[in-house]
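Some notes on the structure that comes next.
Start at 1 with the first residue, then count along the sequence.
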Amino acid sequence: MAFELPPLPYDYDALAPFMSKETLEYHHDKHHKAYVDNGNKLAEEAGLAGLSLEEIVKKSYGTNQGLFNNAGQHYNHIHFWKWMKKGGGGKSLPGALQKAVDSDLGGYDKFKADFVAAGTTQFGSGWAWLSVKDGKLAISKTPNGENPLVHGASPILGVDVWEHSYYIDYRNMRPKYLEAFVDSLINWDYVLEMYEAATR
């Protein structure tokens with residue numbers, strides 16, 4: 001399966017002021033495109049080009065670092081764009097998701113605090129995650145392009161804490177970026193879609 005750069009599901013300026021047009025142009029058109037171009041080349045060389053993206057991510061983990069870095073980041077970013085929307089975020093979670101956040105994570109406020117803390121304390125580049133593991137929601141963080149797929153979990157929400165994701169808009173204030181992401185950007189409908197797929 002050839003990697004392809006998906007178009008953004010909204011205009012470049014749709015997420016302003018929380019994420020600027022300039023950030024999205026650099027992040028999507030340059031960074032994500034590089035993961036796609038490099039990933040295609042490396043998957044071809046490794047003889048894995050015929051597999052699904054999830055399979056390539058899992059198979060290359062711990063065996064082909066270059067391919068894993070690019071395939072992992074491609075997977076992460078395909079979903080990252082859909083995990084955001086204009087007018088997103090906030091406490092209005094769809095019913096099934098709210099119920100799981102309450103029972104597994106101690107409620108919305110604790111989820112927000114723990115998710116922001118995971119992203120803030122990820123040293124250097126990486127991601128903070130909300131995943132389904134063993135049927136329950138869990139918050140985690142990973143370095144670089146790693147994601148919960150390689151740790152036996154299904155990611156349903158992730159936030160990119162590489163500097164290119166926020167530095168233009170927030171400079172070195174990563175916690176402020178993470179709070180804006182949770183309060184104003186999360187597309188809870190897409191999180192629910194992934195939650196339902198992970199708990200089927």
Side-chain angles (χ1 to χ4, degrees), residues 3-33 35-36 53-54 72-102 105 107-109 111-116 118-120 122 126-132 137 139-142 145 147-149 154-170 173-199:
F3 296 0
E4 284 178 34
L5 182 68
L8 285 177
Y10 31 71
D11 293 333
Y12 286 98
D13 57 4
L15 305 182
F18 309 106
M19 192 174 281
S20 66
K21 179 182 180 186
E22 188 183 3
T23 288
L24 283 172
E25 284 173 345
Y26 272 99
H27 198 168
H28 176 271
D29 299 3
K30 301 222 172 6
H31 290 281
H32 190 174
K33 185 176 187 308
Y35 303 136
V36 168
L53 178 56
E54 284 88 344
Q73 282 290 69
H74 179 43
Y75 175 90
N76 297 352
H77 283 81
I78 284 172
H79 296 292
F80 184 56
W81 310 129
K82 294 182 187 175
W83 279 322
M84 298 183 288
K85 70 173 186 179
K86 184 181 177 68
K91 297 185 174 194
S92 303
L93 277 61
L97 207 52
Q98 183 65 62
K99 205 171 156 191
V101 166
D102 289 344
L105 302 175
Y108 175 85
D109 291 339
F111 149 74
K112 179 184 169 182
D114 291 348
F115 187 74
V116 168
T120 302
Q122 170 52 42
W127 293 72
W129 300 99
L130 177 63
S131 306
V132 175
L137 292 182
I139 290 169
S140 62
K141 59 186 176 182
T142 57
N147 63 45
L149 286 178
S154 302
I156 64 168
L157 173 66
V159 63
D160 189 348
V161 297
W162 288 55
E163 283 195 337
H164 61 240
S165 188
Y166 62 88
Y167 204 81
I168 289 169
D169 302 322
Y170 298 91
M173 294 185 289
R174 190 192 283 185
K176 197 174 170 194
Y177 155 69
L178 290 163
E179 285 180 8
F181 178 83
V182 177
D183 290 340
S184 306
L185 291 175
I186 295 176
N187 179 355
W188 286 117
D189 294 328
Y190 188 60
V191 179
L192 175 66
E193 204 180 297
M194 293 196 81
Y195 174 70
E196 286 173 340
T199 52

Between Asn76 and Gly145, is there a donor-acceptor pair closer than 3.5 Å when you use the side chain of the first and the backbone of the second?
yes

With a 4.5 Å limit on heavy-atom distance, are the side chains of Trp81 and Asn187 in contact?
no

Shortest non-hydrogen contact between Ile168 and Ser20, atoms and distance:
CG2-OG, 4.1 Å

Evaluation steps, side chain to side chain contact (heavy atoms under 4.5 Å, CB included), between Val116 and Val182:
CA-CA 8 Å; Val116 168; Val182 177; 4.2 Å; yes

Rounded to the nearest 0.5 Å, the CE atom of Met173 sits from the CG atom of Leu178 at a distance of 12.5 Å

Could you tell me whether the side chain of Trp188 and the main chain of Gly90 form a donor-acceptor pair under 3.5 Å?
yes

Salt bridge (charged side-chain N to carboxylate O under 4.0 Å, His left out) involving Asp11 - partner list, sequence neighbours excluded
none

Quick one: list whatever passes side-chain hydrogen bond (donor to acceptor under 3.5 Å, both in side chains) with Glu193, sequence neighbours left out.
none

Output the distance between atom CG (Asp169) and atom CG (Leu15), rounded to the nearest 0.5 Å.
10.0 Å

pair Ile78-Phe3: side-chain heavy atoms closer than 4.5 Å
no

Do Leu97 and Val191 have side chains that approach each other closer than 4.5 Å (heavy atoms only, starting at C-beta)?
yes

Residues passing the side chain to side chain contact (heavy atoms under 4.5 Å, CB included) test with Tyr12, sequence neighbours excluded, are Leu8, Lys21, Leu24, Glu25, His28, Asp29

Minimum-distance pair of heavy atoms, taken over all atoms of Pro175 and Thr120
CG-CG2, 3.8 Å

Under 3.5 Å donor-acceptor, Tyr170 side chain and Phe18 backbone:
yes

Only residue of Tyr166, Phe80, Trp127 satisfying side-chain contact (heavy atoms from CB on, under 4.5 Å) with Val159 is Phe80

What residues form a salt bridge (charged side-chain N to carboxylate O under 4.0 Å, His left out) with Lys176, not counting sequence neighbours?
none

Ser131 and Pro148 have their tightest heavy-atom pair at OG-CG, 3.2 Å

What do the steps show when you test Phe111 against Leu93 for side chain to side chain contact (heavy atoms under 4.5 Å, CB included), and what is the final call?
CA-CA 12 Å; Phe111 149 74; Leu93 277 61; 5.9 Å; no

State whether the number of non-hydrogen atoms from other residues, nucleotides or ligands found under 6.0 Å of Tyr26 atom OH is greater than 12.
no

When rounded to the nearest 0.5 Å, the distance separating CD of Glu54 from CG of Asn147 is 9.5 Å

Enumerate the residue pairs fulfilling salt bridge (Lys or Arg N to Asp or Glu O under 4.0 Å) with a member in residues 76-96, sequence neighbours excluded, ordered by first and then second residue.
Lys85-Asp189, Lys91-Asp109

What one should report as the nearest heavy-atom pair of Asp183 and Lys112 is OD1-NZ, 2.8 Å

Closest non-hydrogen atoms of Val132 and Leu137, given as atom of the first, atom of the second and distance, are CG2-CD2, 4.0 Å

Tell me if the aromatic rings of His31 and Tyr35 count as close, with their centers under 6.0 Å from one another.
no

What's the spacing between Leu157 CG and Met84 CE if we round to 0.5 Å?
10.5 Å

Under the side chain to side chain contact (heavy atoms under 4.5 Å, CB included) test, residues paired with Lys99 that sit two or more places apart:
none

4.5 Å side-chain heavy-atom contact, Met194 and Ser154
no

Do Leu130 and Tyr195 touch side chain to side chain, with heavy atoms closer than 4.5 Å?
no

Can you tell me how far apart OH (Tyr177) and CD (Glu163) are? Round to the nearest 0.5 Å.
11.5 Å

Spacing of Gln122 atom CD and Ser140 atom OG [to the nearest 0.5 Å]:
10.0 Å

Please work out whether the ring planes of Tyr190 and His79 are parallel, tilted or perpendicular, with thresholds of 30° and 60°.
parallel

Can you tell if the side chain of His77 reaches within under 4.5 Å of the side chain of Asp160, non-hydrogen atoms only?
yes

How close do Thr23 and Ser165 get, heavy atom to heavy atom, and via which atoms?
CG2-O, 3.6 Å

Look only at the side chain of Trp83 and the backbone of Ile156, and say whether a donor-acceptor pair between them is shorter than 3.5 Å.
yes

